[in-house]
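All values derive from a computational prediction rather than experimental measurement. Chain naming here is simple, since letters A, B, ... match the order of the sequence lines and numbering starts at 1 in each.
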Amino acid sequence: MHRTRLAALCALAVVLPSVAHAEGFWDMISLSGRIESDIRFNIEDYRGAVPGQGYNFAFNQNDVVLHADIKPTESLVAVFDGRVRFFGFNTANELPQLSNRNKVDPFSVQVDQAYVATRGLPWSWLDIKVGRMVQTWGSADVFNQVDFLNPHDFYDPMDYVRKVPNEMIELDFYPTDWLTLNAVWIPVFKPAMLPPSASLGFAIEKDANGCLAGFPAPPLDPADNKALADLFSSIDPCSLNFATPVVNLYQPKYTIADSQAAARAKFSFDNLEFAFSYYYGRFAYPIALDAVAVANPSVTQPGKVNVDYVAEVMYPRIQVAGVDFAYSAPWLFDIGFVGELAVIFPEQVNFGLRAYQGQTKIFEASSVNVPSTPFVKATFGVDYTFTRWLYVNAMYLRGFFDEFNDMYGVHNYVVATAELKFKSDSILLRLAGILNVDDLSNVANPQLTWIITPGLEALLGAFIFGGSTHPSDPYDYAAREKFGQKAAGRSFAYLKVRFTF
Amino acid sequence: MVSSRHLLTILALGVVAASCGWKTDGLERLDELYPPPPETDGGTGPIDIGTPMCSGYGGNWAVRLVQEASISPLGQPWKMTLIDLFLAQKSQAGTEMELRFCNQDVSIIASGQSTNLGKTEVPQALRSALYQAPFKVPLPSDGTFHAEDLVWLWGLQNLANPLTDPLPTKDNYLGDARVVDQDTDTQPGVTMHILSPMGDRYMVRRAVFTFATGALSLDNQWLTGDLTSRIDESALGATNNLLLTPAPITVKAEGTVYEFRCVGATYTCDSLARDHRQVFADAPK
């Protein structure tokens with residue numbers, strides 16, 4: 001008995017200080033987050049890998065998102081952003097897998113941010129951040145041409161703002177009230193995440209009988225692409241067994257020279273903010289580098305020819321000089337103006353392609369896919385609140401997120417958004433669209449938001465691609481329509497319910 | 001004092017200079033991923049043609065018929081050079097030059113690159129068969145060297161009109177007594193090996209040559225002149241269906257020549273096949 005009391009006293013001696021410490025700990029923490037359910041339904045049947053795939057559920061996703069700020073002192077903060085994502089589709093296809101919860105109800109844990117920051121240490125004019133971060137540079141809404149610190153995460157093509165986190169070190173200097181200097185070093189490069197539909201950009205087209213109907217033109221001169229197509233034109237397309245193309249990544253090495261660095265000077269005045277920036281690193285979207293096609297007589301199917309296609313993409317080195325501004329014009333109804341301009345100095349990329357019959361080379365061609373010439377990407381926009389219930393934002397883009405000065409080229413876009421509020425702001429109708437001015441393909445995103453009660457909202461909308469799925473010239477790499485091509489994704493309707501705390 | 005304008009210029013130049021030389025080449029990357037086979041020695045060492053002893057057209061001759069042509073295996077014409085190689089002697093009667101086939105050297109250039117698509121190789125059995133049946137060039141009695149419309153047949157015999165008769169095809173050759181298994185491999189006509197698409201083609205072939213008046217060098221070491229050539233081929237069968245349609249060959253006048261070089265009596269077909277580019281490197285043009 002005595003021994004038991006002694007043990008209980010010892011336990012209290014340990015636990016009580018811990019509880020006291022825990023109360024202090026919880027005072028330091030600021031928590032927020034959301035729970036979101038997202039159901040999507042494909043509303044067409046022609047943009048899938050094979051015609052006829054449609055009118056089915058595309059998403060059945062549930063996210064639990066948590067954001068925590070931990071501030072032990074005024075000069076120290078730790079930030080955590082994480083989510084648990086349930087994908088909502090069973091992936092078990094064998095009986096034993098039905099005993100595996102991860103197969104029947106797959107999920108992933110994603111940590112978007114986990115970093116610590118000091119404020120005013122060791123000097124009052126200096127902040128230091130170290131860890132896993134998501135940063136955005138630029139003044140425009142979403143379409144930030146000077147922003148290269150984090151690649152986009154386009155796993156969900158509707159979520160333009162989501163990014164792939166990077167581990168980085170950031171120094172922020174505040175020499176005056178109106179000037180902020182940022183310097184960032186990112187040791188390791190990570191590429192952008194692409195939507196699942198992206199692989200359709202390399203997909204072989206087959207007809208209903210499974211016979212070759214076409215393949216996407218590689219970044220070669222159209223005459224070379226025609227010569228390549230002619231290699232197969234004299235052969236019965238039904239005798240060709242084209243395997244699914246394999247696209248490998250030619251990745252940067254983990255060296256100091258392959259790390260990324262950036263600096264920015266931001267000036268802030270009453271109605272005007274502008275910044276100059278510089279970035280050294282890599283373009284985060286893949287650029288075609290090489291491809292090889294190998295044809296061999298089929299051993300198992302006499303008279304047929306197996307064709308394998310292996311391509312490789314890379315991430316060219318770049319330097320970027322940027323400028324961005326945001327200005328609210330008090331003398332012109334407080335219209336907001338934003339602009340970003342990036343001059344990109346790229347690495348030259350020569351694309352090369354070879355075709356082999358067995359071991360024998362039967363075709364070779366190359367092209368300058370990316371010239372070393374500097375090129376410009378830019379965004380200019382205005383936004384205006386007409387009334388309490390009507391807001392309009394319009395932008396001109398020179399270059400979409402994934403566009404580089406390769407043989408596809410840098411295109412021009414108009415982005416427009418109108419937001420109308422009704423019923424004491426509890427109903428929000430948002431009409432957004434993007435038009436490619438060069439090929440007239442487009443994407444429309446109407447959305448109706450009902451704020452059921454503060455913290456709880458339901459969103460009903462659609463994401464609709466417009467344009468031809470077939471290029472105007474099958475031999476021209478640049479003839480694909482930006483939003484028309486299947487690689488852009490499916491058109492769908494969605495219903496989201498979001499609880500925010 | 002450096003002005004801000006100068007500073008910006010220096011910065012801009014620095015950025016441009018830093019990115020100078022950045023380049024990744026897809027073909028070089030493919031060489032890295034799939035290293036090309038090492039180049040084989042094309043034969044640049046000294047050659048031995050024996051002890052040449054020729055007088056007039058008498059003696060032993062190494063012969064090549066160079067035919068510059070185009071071939072269209074995929075619709076577009078590709079550059080083709082076809083070289084027939086022979087060893088030749090004047091017939092015992094002295095009225096003909098008998099050319100015994102040694103080999104055929106074919107090269108095809110597509111988009112500036114050598115390709116094996118449509119390229120042929122003559123199997124040993126066919127080489128032997130053609131060697132046994134010499135191609136005869138009549139020698140005019142006036143001492144000149146020229147001949148018109150000489151027909152050289154592979155896998156064919158007894159054509160009523162050798163110059164013009166349509167060749168048998170895979171659809172009608174059965175029972176056609178003109179088709180002969182010349183290389184005795186039990187396949188109709190002759191068997192030609194194709195490098196790409198790989199396989200054997202069973203075929204018949206007709207080449208029609210016209211030898212323009214030749215020039216015999218003063219030392220009787222060279223006999224050269226212009227050649228006109230027409231080639232017809234027809235497939236009778238193949239190990240690969242892709243080979244059933246021979247690509248048409250169109251021989252051009254420019255660069256199509258015949259070249260005879262006097263060689264020793266011991267000179268062989270193997271030596272000629274190996275060394276012909278050097279043997280004929282100094283042929284009079």
Donor-acceptor side-chain pairing of [X] and [Y] below 3.5 angstrom:
X        : Y        : result
A:Tyr278 : A:Gln319 : yes
B:Asp200 : B:Gln187 : no
B:Thr184 : B:Asp181 : no

So, are A:Arg354 and A:Glu364 salt-bridged, with charged N and O less than 4.0 Å apart?
yes

Could you look at A:Ala365 and say if it's the side chain, the backbone, both or neither that has a heavy atom under 4.5 Å from chain B?
backbone

Less than 4.5 Å to any heavy atom of chain B: does that hold for the side chain of A:Ala291, its backbone, both, or neither?
backbone

Which residue out of A:Asn369, A:Val292, A:Asn350 racks up the most heavy-atom pairs below 4.5 Å with chain B?
A:Asn350

